[in-house]
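What follows is one structure encoded as structure tokens, with my remarks underneath.
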Amino acid sequence: MRDKALSKNLLEWYDTHARILPWRVGPKEQATGVRPDPYAVWLSEVMLQQTTVAAVKDYFHRFTMRWPDIRALAAADDDEVMAQWAGLGYYARARNLLKCARTVAASGGRFPDTRAALQELPGIGPYTSAAIAAIAFDRAEPVVDGNVERVMARLFAIETPLPKAKPELTAHAAALTPGHRPGDYAQAVMDLGATVCTPKSPACGICPWRGPCAARARGAQTDLPRKIRKPPKPTRHGIVYIGRRMDGAWLLERRPASGLLGGMLGWPGSMGGETPASAPPAPGPWRPLGAEVRHTFTHFHLRLEVQVASLSQNTTPERGFFLDRQAFAPGTLPTVMRKAFGLAATCWTVEETRDLPLK
DNA sequence: TACTCGTGGGG
DNA sequence: TCCCCAAGAGT
């Protein structure tokens, strides 16, 4: 009964405070019978994994314009999908996105409508399966992401640090999940966490749950959820070779399908920790730029030496391949590779590089 | 279980 | 500047 009052309270807050998001069907539209498109829900949820709403918006627009439904995406060219995902990070998501699209398309073109069946698909785990089941199929599945963990930890003043507290927080989230409008409720808790119950300086004064919040009652809201401090990131050193043939073609390589930047286009070289230390991918007058790219990944800092060369027209690369200047766009590279290109591009004249398309 | 896997913004 | 963090999943 208390749980029911809480979820009802939050749904009322959501009715007037729901954010307008490109992939969202708001409460007013749903009242008129409009239902969310499972394809759009799935695509947005995968993009939003560990990624901010602001970063996702443009990518979501580009993907849905280019591939409006699951069949279109299933038929897409792998390299083009990876190119469109470039810059968004966690590239295994893009590879799994395609696998998932092809699996769904091959079995009739409709997403399964249960959490268990959804979770069998590539790239769909405990969170995403619950989110799709709740939002697209109106199923009362508990949706637990970082927002929900934080909100539950505060609402119930859970002192156990994450990630150990996860089962406890999930149990609270499940108990609160209503049978009515579970999709709106899931989005409501996440909106609450994203806009009110924020990690730092939460806006408790305007929170619909300020009354029942146990953390606020004891003034501990900024201390929760407790977390174990992460160890410092090591620094790795790497090198990339940026070669430009006389006709303007660039020497690139397709990275291995798994591992760091897996499946993405990039400059030949080594990213530190990859074996062995890399030799130039083709014979040529390689010279260091005298400046390094600094980039931070999830678990290490990278300092990247950049070598450049103008290569003769008959160069046969030992590694990678030449991509015509018209076919190459820096925007299709992962960010760290784009940074390296930005540094190297100053070596060639404006005349030589000005026609490069951005995307 | 513990690691691996991107990127950009905010404090 | 540096750390935290964001609608996590795969191995």
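Proteins get letters first, then strands, A, B, ... in listed order; numbering begins at 1 in each.
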Check: How about Lys8(A): does its NZ atom have over 12 heavy atoms from other parts shown lying under 6.0 Å from it?
Finding: no
Notebook entry, point to check: Any side-chain N or O of Thr296(A) less than 4.0 Å from the OP1 or OP2 oxygen of dT7(B)?
Noted result: no
Next item on the list: Have a look at Ser44(A) and say if it touches a base, only the backbone sugar-phosphate, or nothing, with a 4.0 Å heavy-atom cut-off.
Entry: nothing
Next item on the list: For Arg229(A), answer base if it contacts any base atom (sugar-phosphate contacts may also be present), sugar-phosphate if it contacts only those atoms, and nothing otherwise; contact means non-hydrogen atoms under 4.0 Å.
Entry: sugar-phosphate
Check: Tell me: NZ of Lys233(A) to C1' of dT1(C), nearest whole Å?
Finding: 14 Å
Note to self: Considering every strand and a 4.0 Å limit on heavy-atom distances, what is the contact class for Gly193(A): base, sugar-phosphate, or nothing?
What the structure shows: nothing
Check: Would one find a side-chain N or O of Tyr90(A) under 4.0 angstrom from OP1 or OP2 of dG10(C)?
Finding: no
Note to self: Any base atoms under 4.0 Å from Thr298(A), or only sugar-phosphate, or nothing? Heavy atoms, all strands.
What the structure shows: base
Next item on the list: Is it possible for you to say whether Leu304(A) and Leu265(A) belong to one hydrophobic cluster, with membership spreading through side-chain heavy-atom contacts below 4.5 Å?
Entry: yes
Margin query: With a 3.5 Å distance limit and no angle check, can you tell me whether Arg338(A) reaches the backbone of Leu333(A) through a side-chain donor-acceptor pair?
Written below: yes
Next item on the list: Kindly indicate whether the side chain of Tyr127(A) and the base of dG8(C) share any N or O donor-acceptor pair separated by less than 3.5 Å?
Entry: no
Next item on the list: Would you classify Leu261(A) as touching base, sugar-phosphate or nothing, given that sugar-phosphate means primed atoms plus P, OP1 and OP2, and contacts are heavy atoms under 4.0 Å?
Entry: sugar-phosphate
Notebook entry, point to check: To the nearest angstrom, how far is His299(A) atom NE2 from dG10(C) atom C1'?
Noted result: 14 Å
Check: Expressed in whole Å, how much space separates the P atoms belonging to dC5(B) and dA7(C)?
Finding: 23 Å
Next item on the list: Go through the N and O atoms of the side chain of Thr51(A) and the base of dG6(B), and report whether any donor-acceptor pair is under 3.5 Å.
Entry: yes
Checklist line | Side-chain-base donor-acceptor pair under 3.5 Å for Arg19(A) and dA7(C) | finding: yes
Note to self: Using whole Å, what does the distance between atom P of nucleotide dG8(B) and atom NZ of Lys339(A) come to?
What the structure shows: 7 Å
Notebook entry, point to check: In whole angstrom, what separates Lys166(A)'s NZ from dG8(C)'s C1'?
Noted result: 8 Å
Margin query: Expressed as a whole number of angstroms, how long is the span from Ile135(A):CD1 to dA7(C):C1'?
Written below: 8 Å
Check: Hey, are Glu168(A) and Lys166(A) close enough for a salt bridge, meaning a charged N less than 4.0 Å from a carboxylate O?
Finding: no
Item checked: Atom pair distance, as rounded to whole Å: NE2 in His295(A) and C1' in dC5(B) -> 11 Å
Note to self: Using whole Å, what does the distance between atom P of nucleotide dC5(B) and atom CG of Leu88(A) come to?
What the structure shows: 17 Å
Margin query: Under 4.0 Å, counting only non-hydrogen atoms across every strand here, what does Pro334(A) touch: a base, just sugar-phosphate, or nothing?
Written below: sugar-phosphate
Notebook entry, point to check: Can you tell me how far P in dG6(B) sits from the matching atom in dT11(C), rounded to whole Å?
Noted result: 14 Å
Next item on the list: Name the nucleic acid region contacted by Trp42(A), choosing base, sugar-phosphate or nothing; use a 4.0 angstrom heavy-atom cut-off, strictly under.
Entry: nothing
Notebook entry, point to check: Hey, is Asp113(A) close enough to Arg139(A) for a salt bridge, meaning N to O under 4.0 Å?
Noted result: yes
